[in-house]
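Report on the following structure.
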Amino acid sequence: MNYIFETPIDTARAVATIILQSAKSKVELSLPFNIALSGGSTPKQLFTIMASEFSDSIPWHCVRVFWVDERCVSATDTESNYGMTYENLLVKVPIPKSNIFRIRGENSPDVETKRYQQLLENELPSSNGFPQFDLVLLGMGDDGHTASIFPNQMSLIQSKQSVAVAEHPISGQKRITLTGSTIEQANHIIFLITGNSKANVLREIIHGELNCENYPAYHFIKNTKLVNLYLDKRAASQI
Ligand code: 6PG
């Protein structure tokens, strides 16, 4: 199901509302709410709204935050997904420190991949041999990548590992990412996509146009039962 909003802020607010409702429903069952967050620029607005309008209503004590992917840089680097999330959200809300499970981008990528894989195994329920999140929040790059699964590394979609080392195809920057095998175990997947620059690729993916299989995001979006797209009208302008 796709939801389309007038502005990026409206879109972010709708996603924040879903996060609130999902976390509350886990609290009612006395269970933690395990969410994996993406980085990049789009979620910034979502995090800002969660830290302001939703700061008092989200049951932070039951929210456990993990990451979809991380750039292999230190936590204080401007490129760090954890750093961006900390600055815009985590430092501003009453979430216990023990509920934050960051990927350590400063570590050796191979060592950190194994550590995070083990951590997910210890902390999360398992489904089909992979860790299972309650909610995975994804974005999409202009080239159709999602998480840090880029078009030249499609093998990461159906990997035997739950976490893998990836590489940005242009900058060569190393990344650590959940694989498709883990992402697709989630109970719910939300894509938050805004802006004109995503409109073309989104149309190709949604309409299943020629070459759509070359876009990593297609392989998740086609699974419409589990996946919801939250779009602003610019991103949705061609669908
Ligand atoms: C990252 C991501 C990545 C992101 C898309 C969209 O670390 O870059 O998690 O998958 O979601 O690249 O990024 P923008 O929101 O910056 O367009």
Side-chain angles (χ1 to χ4, degrees), residues 5 7-9 11-12 15-16 19 35-50 65-90 101-106 109 112-113 116 133 135-154 156-157 159 163-180 182-184 186 189-202 205 214-221 227-232 234-237:
F5 300 86
T7 66
I9 292 196
T11 319
V15 173
I19 293 173
I35 183 169
L37 299 175
S38 280
S41 55
T42 313
K44 239 188 212 174
Q45 209 156 37
L46 167 66
F47 297 160
T48 304
I49 288 181
M50 285 170 73
V65 177
F66 299 81
W67 271 264
V68 167
D69 64 340
E70 183 57 280
R71 292 97 184 268
C72 292
V73 295
S74 78
T76 52
D77 193 292
T78 52
E79 282 272 296
S80 166
N81 285 340
Y82 165 76
M84 185 279 278
T85 312
Y86 182 78
E87 206 176 294
N88 292 287
L89 174 66
L90 301 174
F101 299 90
R102 78 173 177 99
I103 301 174
R104 297 180 189 153
E106 66 276 26
E112 180 58 11
T113 293
Y116 208 62
F133 289 97
L135 176 57
V136 172
L137 176 71
L138 295 174
M140 186 185 80
D142 300 356
D143 60 355
H145 83 260
T146 190
S148 281
I149 305 177
F150 294 93
N152 64 341
Q153 284 178 300
M154 298 299 271
L156 295 182
I157 292 174
S159 171
V163 182
V165 180
E167 195 172 303
H168 191 282
I170 297 168
S171 68
Q173 181 187 56
K174 293 267 192 228
R175 306 272 185 102
I176 294 172
T177 186
L178 300 184
T179 62
T182 300
I183 293 169
E184 68 186 17
I189 297 173
I190 286 183
F191 276 87
L192 171 61
I193 304 173
T194 60
N196 275 329
S197 66
K198 315 279 170 85
N200 203 22
V201 170
L202 202 55
I205 288 177
N214 298 335
Y215 298 122
Y218 167 78
H219 297 270
F220 303 99
I221 291 175
V227 179
N228 290 131
L229 267 53
Y230 284 75
L231 313 169
D232 75 335
R234 288 171 191 265
S237 59

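Reckoned from all heavy atoms, side chains included, excluding hydrogens, waters and symmetry mates. Numbering of ligands and ligand atoms starts at 1, following listing order.
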Can you list the steps and then say if S197 with D142 is a side chain to side chain donor-acceptor pair (under 3.5 Å)?
CA-CA 6 Å; S197 66; D142 300 356; 3.2 Å; yes

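- A donor-acceptor pair under 3.5 Å is absent between the side-chain atoms of Q173 and the main chain of R71, judged by distance alone.
- Expressed to the nearest 0.5 Å, how far CG of L135 lies from CD1 of I190 amounts to 5.0 Å.
- Under a 4.0 Å heavy-atom criterion, D69 is in contact with ligand 1.
- For atom 4 (C) of ligand 1, the nearest non-hydrogen atom of the protein is G39 O, 3.9 Å.
- One option in H145, M140, Q173 has a heavy atom closer to atom 12 (O) of ligand 1 than any other, and that option is H145.
- Of all protein heavy atoms, the one closest to atom 13 (O) of ligand 1 is G40 CA, 4.0 Å.
- Here the straight-line distance linking atom OG1 of T177 with atom OH of Y116 works out to 11.0 Å at 0.5 Å rounding.
- For a threshold of 3.5 Å applied to N or O pairs, the pair formed by P43 and ligand 1 contains no separation below that value.
- Backbone and side-chain nitrogen or oxygen atoms of A147 are examined, and one is located within less than 3.5 angstrom of a nitrogen or oxygen of ligand 1.
- Aromatic ring orientation, F66 versus F101: parallel (interplanar angle below 30°, classes split at 30° and 60°).
- Among the atoms of T146, none of the N or O lies under 3.5 angstrom from an N or O of ligand 1.
- Each of the following atoms of ligand 1 lies closer than 4.0 Å to a heavy atom of R175: 1 (C), 7 (O), 8 (O).
- Here the heavy atom of the protein found nearest to atom 8 (O) of ligand 1 is R71 NH2, 2.8 Å.
- With rounding to the nearest 0.5 Å, the separation of CD1 in I149 from CG in N152 is 11.5 Å.
- The protein non-hydrogen atom at the shortest distance from atom 15 (O) of ligand 1 is T42 OG1, 2.4 Å.
- Taking atom 17 (O) of ligand 1 as the reference point, the nearest protein heavy-atom neighbour is K198 NZ, 2.7 Å.
- When each of T146, N228, L202, L231 is paired with F191, the side-chain contact (heavy atoms from CB on, under 4.5 Å) condition holds for T146 and for no other.
- Heavy atoms of N81 found under 4.0 angstrom from ligand 1 belong exclusively to the side chain.
- Note that CE of M50 and CG of L90 are 8.5 Å apart. Values are rounded to the nearest 0.5 Å.
- For the atom pair I103 CD1 and L178 CG, the distance stands at 6.0 Å (nearest 0.5 Å).
- Relative to atom 11 (O) of ligand 1, the option among P216, G141, G139 with the closest non-hydrogen atom is G139.
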